[in-house]
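All figures in this text were calculated on a predicted structure; none of them were measured in a lab. Note that ligands are numbered from 1 as they come in the structure, with each ligand's atoms numbered from 1 the same way.
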Amino acid sequence: MITYLVTGCAGFIGTTFVHFMLSRYTDIKIVNLDALTYAGNLENLKDIEDDERHIFVHGNICDKELVAGLMARYDPDFIINFAAESHVDRSISGPEIFVTTNVMGTVNLLQQAKNAWYDAGQKTWKPGKKYVQVSTDEVYGALGPEGFFTETTPLDPHSPYSASKASADHFVKAFHDTYGMPVNITRCSNNYGMYQFPEKLIPLMINNTKNHKPLPVYGDGMQIRDWLFVEDHCRAIDLVTSAGRPGEVYNIGGHNERTNIFIVKTIIQQMSEKLHDPEINESLIRHVEDRLGHDRRYGIDPSKIRADLGWYPETAFEDGIVKTIDWYLANETWMERVTSGEYQQYYERMYKNR
Ligand code: NAD
Ligand code: DAU
């Protein structure tokens with residue numbers, strides 16, 4: 001029996017990770033710690049609420065007593081930290097919570113893990129334990145038209161979000177370098193798929209096209225992101241957790257670089273065809289004021305994880321985007337629930353004067 005303490009699993013990627021792990025393994029226990037912020041949604045986990053292998057704990061990764069208690073009670077083999085404030089636009093309008101959750105929360109998890117796993121007298125760690133930090137390609141900054149991010153690319157974050165994630169990565173490395181803590185850091189490119197909150201590009205555009213609302217494209221729309229289907233990311237995290245060499249960083253990405261405008265036009269075309277709706281067309285596109293400090297291009301070199309762990313992406317973008325759109329069309333009630341209430345105020349705040 002392997003026990004995982006996994007944080008942030010009521011959010012987009014964490015939800016997929018829990019489903020992925022429970023469908024793949026029988027003899028595991030997942031303790032899922034999530035604060036249920038605006039981005040966390042327990043409804044995502046409704047189908048597994050009676051599954052004894054999954055234990056949901058409502059709480060904050062910054063809470064020292066709570067995390068210490070979970071370490072004592074469940075004695076996890078692995079900690080995987082997905083919990084974060086994850087949206088760049090929100091970090092630009094309010095950076096403080098990004099420091100609290102992404103930096104202080106990570107340090108608390110590291111510290112509680114060290115308290116539980118480290119014998120300071122002997123300078124030894126309990127065997128078989130590891131901490132995995134789910135980080136992002138954004139810590140590397142932005143690329144010009146050529147080249148890719150490798151694990152040795154210097155960190156050069158630009159947004160408050162990426163600065164907080166880079167800071168957390170430094171702490172994870174510091175716990176490894178100082179105390180010898182067994183850790184891995186993963187740095188993945190943009191994920192897409194089911195359960196993503198519609199403040200992010202792809203679900204926002206799906207929701208707006210469906211409702212014939214303007215499609216807000218920041219600046220010229222020629223920024224490039226490297227898109228990966230979320231299940232491929234989850235498979236990579238599982239591999240890194242079980243087989244990654246302690247102390248190593250692994251980049252995760254599938255060489256699937258697309259401009260934002262290409263993504264938006266693809267969604268328009270797919271949605272118009274699927275809904276047989278001629279009103280869904282490119283006249284919905286609105287070029288709006290650019291994001292401050294907007295990174296122009298991200299592109300991951302995934303050679304290391306392929307060579308060391310045999311990982312490669314299984315879902316082509318052309319298939320993944322269709323699966324994703326189909327999921328949102330089949331789960332209209334989910335979309336309606338998450339876009340009611342606070343979402344309306346968020347949308348107004350972000351897009352009104354743009
Ligand atoms: P998300 O915003 O959808 O979900 C974040 C989850 O963390 C939510 O369930 C939220 O309730 C929870 N959370 C937030 N603050 C918390 C706290 N203080 N204590 C406990 N739980 C808290 O995020 P996501 O897109 O699923 O991203 C998950 C992780 O993956 C993040 O660390 C992010 O930086 C990283 N990442 C995301 C992407 C992407 O494209 N979405 C790509 C690479 C890396
Ligand atoms: O690269 C990994 C990162 O990808 C993760 O670390 C982040 O958690 C995740 O949110 C994502 O960050 P991005 O900023 O790239 O994702 P977002 O969906 O917010 O935006 C994708 C691109 O689309 C970006 O260039 C901004 C642009 N955009 C976004 C929105 C929401 C628009 O043009 N219009 C929009 O309305």
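The shortest N or O to N or O distance between N191 and ligand 1 is under 3.5 Å. Among the atoms of M205, none of the N or O lies under 3.5 angstrom from an N or O of ligand 2. Annotation: G14 places no N or O atom under 3.5 Å from an N or O atom of ligand 1; distance criterion only. Close N/O approach between R225 and ligand 2 is found [any backbone or side-chain N/O within under 3.5 Å]. Considering backbone and side-chain N/O of S86, one or more are found under 3.5 Å from N/O of ligand 2. Close N/O approach between N260 and ligand 2 is found [any backbone or side-chain N/O within under 3.5 Å]. Some N or O of D34 is nearer than 3.5 Å to an N or O of ligand 1, by distance alone. Not one N or O of S189 is nearer than 3.5 Å to an N or O of ligand 2, by distance alone. In terms of N/O distances under 3.5 Å, ligand 1 is approached by A35. For G11, a nitrogen or oxygen atom sits less than 3.5 Å from a nitrogen or oxygen atom of ligand 1, counting backbone and side chain alike. Looking at Y351 next to ligand 2, an N or O pair under 3.5 Å apart turns up. For ligand 1, none of its N or O atoms has an N or O atom of H233 under 3.5 Å away. Annotation: C188 places no N or O atom under 3.5 Å from an N or O atom of ligand 1; distance criterion only. Every N/O-N/O distance between V88 and ligand 2 stays at or above 3.5 Å.
Between Y347 and N207, every side-chain heavy-atom pair lies at or beyond the 4.5 Å cut-off. In this structure, the side chains of V338 and Y343 stay at 4.5 Å or more apart for every pair of heavy atoms. Using a 4.5 Å cut-off on side-chain heavy atoms (C-beta onward), P198 and T339 make contact. The shortest distance between side-chain heavy atoms of L109 and V67 falls below 4.5 Å. Looking only at side-chain heavy atoms (C-beta outward), D75 and K129 come within less than 4.5 Å of each other. Taking the side chain as every heavy atom from C-beta outward, Y161 and R90 never approach each other to under 4.5 Å.
Of all atoms in ligand 1, listed by their number and element, those nearer than 4.0 Å to a heavy atom of N190 are 40 (O). Residue D137 has at least one heavy-atom neighbour below 4.0 Å for each of these atoms of ligand 2: 1 (O), 2 (C). Ligand 1 places these atoms under 4.0 Å from at least one heavy atom of L36: 11 (O). Within the listing of ligand 2, atoms 24 (C), 25 (O), 26 (C) sit less than 4.0 angstrom from a heavy atom of H294. Set against the non-hydrogen atoms of A10, the atoms of ligand 1 under 4.0 Å away are 9 (O). Listed by number with element, the atoms of ligand 2 under 4.0 Å from a non-hydrogen atom of V217 are 33 (O). Ligand-side atoms of ligand 1 in range of S189: 42 (C), 43 (C), range being under 4.0 angstrom from any heavy atom. Under a 4.0 Å criterion applied to the non-hydrogen atoms of Y161, ligand 2 contributes the atoms 5 (C), 6 (O), 7 (C), 8 (O). Below 4.0 Å from some heavy atom of H87 lie the following atoms of ligand 2, by number and element: 19 (O). Taking every non-hydrogen atom of K165 and a distance limit under 4.0 Å, the qualifying atoms of ligand 1 come out as 31 (C), 32 (O), 33 (C), 34 (O). Listed by number with element, the atoms of ligand 2 under 4.0 angstrom from any heavy atom of P216 are 32 (C), 33 (O), 34 (N), 35 (C), 36 (O). Listed by atom number, the atoms of ligand 1 under 4.0 Å from G59 heavy atoms are 19 (N), 20 (C). Residue T136 has at least one heavy-atom neighbour below 4.0 Å for each of these atoms of ligand 2: 1 (O), 2 (C), 3 (C), 5 (C), 6 (O).
In summary, D308 and K304 do not engage in a salt bridge, as defined by a charged side-chain N under 4.0 Å from a carboxylate O. Taking a cutoff of 4.0 Å between a charged side-chain nitrogen and a carboxylate oxygen, R296 and E257 do not qualify as a salt bridge.
In K200, the parts holding a heavy atom less than 4.0 Å from any atom of ligand 2 are both the side chain and the backbone. Neither the backbone nor the side chain of C9 has a heavy atom within less than 4.0 Å of ligand 1.
Of the candidates L201, N60, L228, the one placing a heavy atom closest to atom 18 (N) of ligand 1 is N60. Across the listed options K165, R286, E199, R291, R291 owns the non-hydrogen atom lying nearest to atom 14 (O) of ligand 2. The option with the heavy atom closest to atom 5 (C) of ligand 1, from among G253, G193, A84, is A84.
For the pair F82 and ligand 1, a heavy-atom separation below 4.0 Å is found. For T101, the heavy-atom gap to ligand 1 drops under 4.0 angstrom.
Counting only distance, with no hydrogens or angles, the side chain of K165 and the backbone of V134 share a donor-acceptor pair below 3.5 Å.
When hydrogens are left out, the protein atom nearest atom 44 (C) of ligand 1 is S135 O, 3.1 Å; that is the closest non-hydrogen contact. Protein heavy atom at the shortest distance from atom 41 (N) of ligand 1 is I13 CD1, 3.7 Å. Counting only heavy atoms of the protein, atom 3 (C) of ligand 2 lies nearest to E138 OE2, 3.0 Å. Scanning the protein for heavy atoms near atom 29 (C) of ligand 2, the closest one is Y218 CE1, 3.6 Å. Annotation: atom 1 (P) of ligand 1 to nearest protein heavy atom, S86 OG, 3.6 Å. Of the protein's non-hydrogen atoms, the one nearest atom 33 (C) of ligand 1 is Y161 OH, 3.5 Å. With hydrogens left out, the protein atom closest to atom 10 (C) of ligand 1 is T37 OG1, 3.3 Å, a heavy atom.
Note: H233 and F82 have perpendicular aromatic rings, judged against thresholds of 30 and 60 degrees for the angle between ring planes. Ring geometry for Y118 against W125 counts as tilted: the plane angle lies between 30° and 60°, on a 0 to 90° scale. Note on ring orientation: taking the six-membered ring where Trp is involved, the planes of F262 and F317 are tilted (angle from 30° to 60°).
Separation of the Y131 and H176 ring centroids does not fall under the 6.0 Å cut-off.
Side-chain contact annotation: H87 with Y346, donor-acceptor N/O pair under 3.5 Å present.
Among E273, K210, M205, K274, the single residue meeting the side chain to side chain contact (heavy atoms under 4.5 Å, CB included) criterion with I325 is K274. The ring-ring contact (aromatic ring centres under 6.0 Å, His included) with Y195 is formed by just one residue from the set W327, F12, F17; it is W327.
The distance from the CG atom of L215 to the OG1 atom of T209 is 6.5 Å, given to the nearest 0.5 Å.
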